[in-house]
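To keep things clear, I will list the structure first and then write my remarks on it.
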Amino acid sequence: MSVLAILEQAHGEWRRISWETLAAAQRIATQMGVQPAAAVIGEARELASKRLERAYSVDHPLLRDYTADGYAIALRQLVEKVRPLVVLFPHTYQVRDFAPKLATALGSVLVSDVVSHRVENGQLILTRQLFQGRLNVDIGFRGAPPYLASIQAGAHGVDQVEEGVCQVETFTPELLPNQIRTRPAPPFREAQGAVDLASAERIVCAGRGLQGAENIALLQRLADALGAELAASRPVCDGGWLPAERQVGSSGQTVAPKLYIAVGVSGAIQHLVGMKGSKTIVAINKDADAPIFEIADYGIVGDLFDVVPALADEIRKQARGGS
Ligand SMILES: Cc1cc2nc3c(=O)[nH]c(=O)nc-3n(C[C@H](O)[C@H](O)[C@H](O)COP(=O)(O)OP(=O)(O)OC[C@H]3O[C@@H](n4cnc5c(N)ncnc54)[C@H](O)[C@@H]3O)c2cc1C
């Protein structure tokens with residue numbers, strides 16, 4: 001029995017969330033007294049240096065392009081061969097597309113978007129969020145394994161992956177062209193962002209509390225005073241107040257600057273997973289109960305339209321030597 005992590009690459013490159021999922025698999029395996037294993041549709045060479053019982057490179061000409069049919073059929077065969085106790089996936093758009101189909105084919109269910117877990121009396125309990133982070137729910141499995149789950153970005157650290165040595169095996173599934181009912185279109189490519197938020201040392205993030213695009217200039221003044229990049233929560237990008245490439249969170253960029261100032265951001269889990277690795281987090285919010293304060297190192301409860309200009313002025317004054 002093992003905990004099998006089925007990982008993802010994009011254009012031949014490992015996704016960061018794949019390593020986070022691998023860390024989760026290693027941790028859960030240890031807690032459940034079983035071995036971790038991993039697989040990827042693609043080249044698995046890099047897995048040879050991880051602490052795994054075995055790694056699988058799933059290879060077939062019909063898997064060169066992603067299709068839900070191809071992936072679900074191939075991975076079903078792999079899971080039936082490996083017979084793992086738990087199968088973990090990174091919570092990506094691709095996984096959301098094929099993993100429920102795979103779960104159904106295996107007679108199981110998929111617990112998606114898992115943010116944490118614990119092992120109680122040998123039973124795996126997974127925690128996921130409901131109603132946009134307002135409620136946490138604990139889920140245990142019944143029935144026969146395998147138990148399938150997808151792991152939310154940021155729930156585990158890439159630096160938690162344990163190194164080791166393992167054998168990489170090529171697994172070639174049996175797959176016929178007529179089993180694949182969709183024709184793959186050219187893969188979607190995200191726009192090359194002009195901003196690389198991931199390497200920014202300081203970030204000022206605009207939340208919906210800013211109320212409109214016309215107030216972005218207010219934050220830009222604070223960002224300029226600090227030499228910081230501007231980022232945004234999803235509603236700000238959805239509303240076109242800032243471009244999508246500046247979005248931080250589970251469907252945006254993951255950042256870990258030295259300083260992250262969240263302005264008018266409530267702190268939904270989808271936002272937190274993208275920035276909770278920041279060294280120092282400052283939150284400005286008029287609601288003292290906003291969840292963002294739970295992870296903030298410094299919190300300012302107040303109206304951002306008062307706080308932000310005062311802060312920008314003070315930083316400029318300090319930069320000029322306090323005069
Ligand atoms: C599949 C999925 C993926 C998602 N991906 C992302 C993602 O990548 N990134 C992301 O950010 N979100 C994402 N979301 C959305 C997420 O769930 C939240 O809805 C979003 O993060 C909320 O943004 P916000 O904090 O800016 O807005 P709100 O939740 O509306 O919060 C606004 C905050 O501003 C405060 N405020 C209002 N006026 C003032 C004022 N004058 N002064 C001070 N404070 C004020 C309020 O008290 C409130 O806390 C995703 C959701 C889903 C379902």
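Order of appearance sets the numbers: ligands from 1, and atoms from 1 within every ligand. One-based numbering along the sequence shown.
Within the listing of ligand 1, atoms 3 (C), 4 (C), 5 (N), 6 (C), 7 (C), 8 (O) sit less than 4.0 angstrom from a heavy atom of S251. Residue contact check: G252 has heavy atoms under 4.0 Å from atoms 8 (O) of ligand 1. Ligand 1 places these atoms under 4.0 Å from at least one heavy atom of A268: 16 (C), 17 (O), 18 (C), 21 (O). Every atom of ligand 1 with a heavy atom of G264 under 4.0 Å away is listed here by number and element: 26 (O), 32 (C), 33 (C), 34 (O), 44 (N). Near G209, meaning under 4.0 Å from any of its heavy atoms, are these atoms of ligand 1: 32 (C), 34 (O), 36 (N), 37 (C), 38 (N), 39 (C). Per-residue contacts place G249 under 4.0 angstrom from the following atoms of ligand 1 (heavy atoms of the residue considered): 7 (C), 8 (O), 9 (N). Atoms of ligand 1 found under 4.0 Å from any heavy atom of G207 (numbered from 1 in listed order, with element): 26 (O). The F305 neighbourhood of ligand 1 comprises atoms 41 (N), with distances under 4.0 Å to a heavy atom of that residue.
Salt bridge annotation for D138-R118: present, with a cationic side-chain nitrogen under 4.0 angstrom from a carboxylate oxygen. Taking the charged nitrogens against the carboxylate oxygens, K279 and E201 have no contact shorter than 4.0 Å, which rules out a salt bridge. Between R64 and D59, at least one side-chain nitrogen of the basic residue sits less than 4.0 Å from a carboxylate oxygen of the acidic one, meeting the salt-bridge criterion. Taking 4.0 Å as the cut-off between side-chain N and carboxylate O, R54 and E169 count as a salt-bridged pair.
Between the side chains of E8 and S18, no donor-acceptor pair of N or O atoms lies under 3.5 Å.
If you check each of V248, D289, V301 against atom 9 (N) of ligand 1, the one with the closest non-hydrogen atom is V248. Scanning Q270, Q247, Q253 for the heavy atom closest to atom 16 (C) of ligand 1 points to Q270. Between atom 40 (C) of ligand 1 and the options D287, V307, L304, the minimum heavy-atom separation is to L304. For the residues N285, I284, D306, the heavy atom positioned nearest atom 47 (O) of ligand 1 is part of N285.
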Table please: side-chain donor-acceptor pairs of residues 174-181 below 3.5 Å, with sequence neighbours left out.
residue	atom	partner	partner atom	Å
Q179	OE1	L176	N	2.7
R181	NE	D69	OD2	3.0
R181	NH2	D69	OD1	2.9

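Considering backbone and side-chain N/O atoms, R234 comes within less than 3.5 Å of an N/O atom of ligand 1.
Taking OH of Y71 as the reference point, atom CZ of F98 lies at 7.5 Å (rounded to 0.5 Å).
Heavy-atom distances between G274 and ligand 1 stay at or above 4.0 Å for every pair. Heavy atoms of G302 come nearer than 4.0 angstrom to ligand 1 in at least one pair.
If you look at P235 next to ligand 1, the close heavy atoms, those under 4.0 Å, all belong to the side chain.
Under the salt bridge (charged side-chain N to carboxylate O under 4.0 Å, His left out) criterion, D303 pairs with no residue, sequence neighbours left out.
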With side-chain hydrogen bond (donor to acceptor under 3.5 Å, both in side chains) as the test, would you mind laying out the steps for Q247 and S251 before giving the verdict? CA-CA 8 Å; Q247 183 178 317; S251 48; 3.1 Å; yes
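A donor-acceptor distance shorter than 3.5 angstrom exists from the side chain of R246 to the backbone of L230, with no hydrogens or angles considered.
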